[in-house]
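Note that the structure is predicted; figures quoted are calculated from it, not measured.
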Amino acid sequence: MRKVLIIGGVAGGATCAARLRRLDESAQIIIFERGEYISYANCGLPYYVGDVIKSKRALLLQSPKAMKERYNIDVRIKHEVISIDREGKSITVINLSTGEQYQESYDTLVIATGSSPVRPRIEGIDSPKIHTLWTIDDSENIRKAVFETGVKSAAIMGGGFIGLEMAENLHRAGVEVTIIEMLDQVMSTLDYEMAQLLHENIVKNNVNLILGDGVEAFKDQANGVNITLKSGKKINADMVLLSIGVKPNSELAKACGLLTNQRGGIVADEYMRTSDPNIYAVGDVVEVVDFVSNNRTMIPLAGPANKQGRIAANNIAGGFDKYEGTQGTAIAKVFDLVAASTGLNEKSLKASGLQKGKEYETLIIAQNSHAGYYPNASNMYIKLLFSLDGKKLFGAQIVGQEGVDKRIDVISAVIRLGGGVNELKRLELAYAPPFSSAKDPVNMAGYVAENVLSGGVAFSAWNAIEKSENAIALDVREPYELEEFAIKGAYHIPFGALRNRLSELDKSKEIIVVCARGVRAYNAARILQQNGFENVKVYPGGVDFYRKTHFG
């Protein structure tokens, strides 16, 4: 009878245990969890804080009792593993309720210890008014502060997924929110111009947004926390939430001599085995291969953690299942918008040494969530990154209100299956006016990418109008459209009049054509190109994209 011990009982650990039981009824399986809960929905915690999810019970996917009754798995909560003896194949455990310390032997060990929020060494960071959100207990503490203690203002340090979700939910709860991000943008998985869409919407929702500034010190005061930023600016808040990243809980692995990387991630092979063949590791604590770049990295996401747990169980039971890398597909609701990404962003491509126009190209298009003539269609912006031969999709980012999730999932699937621009064009996707358009936004991304690669269209950079001093910004909208918003310095020729007014334009200059969303601009660019204008570009996403990315 195989004896399998699993350290950690949330995503990867619980999945591994349940899968292993289905494969091996005779195995002895024990889960050790130092917290009070197992298999809980930690991605739902911000919505519990904001009272969108009303009951804590809704977050509890399994209980120790249910795991015992349904799967015959011994779950020991409030039991912390403090050491691993690889030579003796045993662990040392402390029962946190009684203080009892004991050893437990194993045939196979699975480390699923996850990660923890980063708490940098900043003066005053140990104040009880400074919180993190990672466990159910954390969420209870924050809920109590908001709904019982009467917190009226909160400063959120960090603009990642948790920080933004908490900003929305605290704001929903009536708290005045300030987001402080050390980088020049929130949500680093997006490129800057796509993040600008979020910035504009965050500010529109009356949330204070401070970018490019970090924390110098905290000072606990009777009426809250005084925050001094590196710029010298001071902010007061009743409560602070730290959301500046996570680190792998790999202390046990390091102490017993398992191979780890520079960031502390446990190095595992494609079968999820560590440098010790009797020990597997899964979840946030593990270094992974980036599916697109094939580089080793750390990508803490729930979906990959669950997949890794299943794969480890398959292999413990005698299989040869492989984990083929993490793509980093992610999505978040940020106030009125949804932001999603998959694969690599342009920052990553540039950091790896790739050059736009030589190894890759990009596009940004504006599309409706469904047929424009059907009520309540909303705008979405798609950024696609692809190789110059069109055979490889490096990644995609989408920001919009509706339909973002299914489009990013379709593109993610094409990337995972090795597809390129042609596959985006060829996809046959469901269409009815309430759900999509006859040319789905994903198909449109493929069509436009084809045009880029064939030379049928070239896009300017999102900030090219103000950066290109000698370029002519040509606005081809109708006069009444300019009454709502006009780009400063742009030359105006309505699209319908363009053919008769070509002589007004200087063929020696770069011309950046802009319209409301990009369709007229593309058609205008084609007219110009076929009439001897050699340096013509289309402004991506249209005037609305320009307004949102230049809102400051």
Side-chain angles (χ1 to χ4, degrees), residues 45-47 49-51 116-134 138-188 190 192 195-247 332-337 339 551-552:
L45 295 179
Y47 302 98
V49 170
D51 210 36
S116 296
V118 172
R119 292 186 72 97
R121 294 180 180 177
I122 298 175
E123 180 184 343
I125 199 168
D126 294 326
S127 165
K129 300 185 183 82
I130 299 178
H131 301 264
T132 57
L133 181 66
W134 206 243
D138 293 337
S139 66
E140 291 279 23
N141 291 335
I142 298 172
R143 273 180 66 97
K144 183 177 180 181
V146 173
F147 295 109
E148 297 180 23
T149 308
V151 162
K152 299 299 181 185
S153 61
I156 297 176
M157 322 309 300
F161 285 93
I162 292 177
L164 295 179
E165 288 170 347
M166 280 299 294
E168 178 182 352
N169 281 281
L170 288 173
H171 183 264
R172 180 196 301 273
V175 176
E176 181 184 347
V177 177
T178 298
I179 299 172
I180 302 169
E181 170 56 59
M182 186 168 61
L183 301 177
D184 63 355
Q185 68 168 85
V186 301
M187 200 169 286
S188 61
L190 302 181
Y192 179 81
Q196 276 284 79
L197 302 174
L198 301 184
H199 299 162
E200 189 255 358
N201 193 254
I202 289 168
V203 172
K204 186 184 292 185
N205 276 277
N206 298 315
V207 169
N208 303 313
L209 180 61
I210 299 173
L211 298 172
D213 208 349
V215 176
E216 182 69 29
F218 298 106
K219 186 175 182 180
D220 198 347
Q221 297 181 322
N223 60 345
V225 180
N226 180 266
I227 306 161
T228 302
L229 302 184
K230 292 187 181 297
S231 63
K233 186 175 183 178
K234 292 185 182 294
I235 296 168
N236 287 293
D238 296 338
M239 175 180 85
V240 174
L241 176 74
L242 292 178
S243 181
I244 55 178
V246 297
K247 60 180 181 179
K333 182 180 180 300
V334 185
F335 293 95
D336 307 311
L337 296 177
F551 75 99

Give the minimum heavy-atom separation between [X] and [Y], together with the two atoms involved.
{"X": "A167", "Y": "I179", "result": "CB-CD1, 3.7 Å"}
{"X": "L45", "Y": "S139", "result": "CD2-OG, 3.8 Å"}
{"X": "S188", "Y": "L183", "result": "CB-CD1, 4.3 Å"}
{"X": "W134", "Y": "I162", "result": "CZ3-CD1, 3.3 Å"}
{"X": "F147", "Y": "A173", "result": "CZ-CB, 4.0 Å"}
{"X": "K247", "Y": "P117", "result": "CE-O, 4.5 Å"}

Can you measure from [atom1] ([X]) to [atom2] ([Y]) and round to the nearest 0.5 angstrom?
{"X": "R121", "Y": "D126", "atom1": "CZ", "atom2": "CG", "result": "11.5 Å"}
{"X": "I156", "Y": "L164", "atom1": "CD1", "atom2": "CG", "result": "8.0 Å"}
{"X": "N205", "Y": "R172", "atom1": "CG", "atom2": "CZ", "result": "10.5 Å"}
{"X": "T178", "Y": "L170", "atom1": "OG1", "atom2": "CG", "result": "11.0 Å"}
{"X": "Y47", "Y": "M166", "atom1": "OH", "atom2": "CE", "result": "11.0 Å"}
{"X": "K333", "Y": "E165", "atom1": "NZ", "atom2": "CD", "result": "9.5 Å"}

Partner of M239 under side chain to side chain contact (heavy atoms under 4.5 Å, CB included), picked from I142, N141, V225, T149, is I142

Against K233, only a single residue in I210, I227, I180 fulfils side chain to side chain contact (heavy atoms under 4.5 Å, CB included); can you say which?
I210

Can a donor-acceptor pair be found, under 3.5 Å and without considering hydrogens, that links the side chain of [X] to the backbone of [Y]?
{"X": "S153", "Y": "D238", "result": "yes"}
{"X": "N169", "Y": "V49", "result": "no"}
{"X": "E181", "Y": "L211", "result": "no"}
{"X": "Q185", "Y": "L190", "result": "yes"}
{"X": "K144", "Y": "V146", "result": "no"}
{"X": "K129", "Y": "Q221", "result": "yes"}

Kindly indicate whether the side chain of [X], heavy atoms from C-beta on, has any atom under 4.5 Å from the side chain of [Y].
{"X": "D213", "Y": "K230", "result": "yes"}
{"X": "S116", "Y": "T132", "result": "no"}
{"X": "V334", "Y": "N201", "result": "no"}
{"X": "H171", "Y": "F335", "result": "yes"}
{"X": "L229", "Y": "V215", "result": "yes"}
{"X": "E123", "Y": "T228", "result": "no"}
{"X": "S243", "Y": "L133", "result": "no"}

List the steps, then state whether side-chain contact (heavy atoms from CB on, under 4.5 Å) holds for N226 with K234.
CA-CA 7 Å; N226 180 266; K234 292 185 182 294; 4.2 Å; yes

For E200, is the CD atom crowded, meaning more than 12 foreign heavy atoms sit under 6.0 Å from it?
yes

Could you walk me through whether N208 and I235 pass side-chain contact (heavy atoms from CB on, under 4.5 Å), step by step?
CA-CA 11 Å; N208 303 313; I235 296 168; over 6 Å; no

What I want to check is whether the side chains of Q196 and H199 have a donor and an acceptor closer together than 3.5 Å.
yes

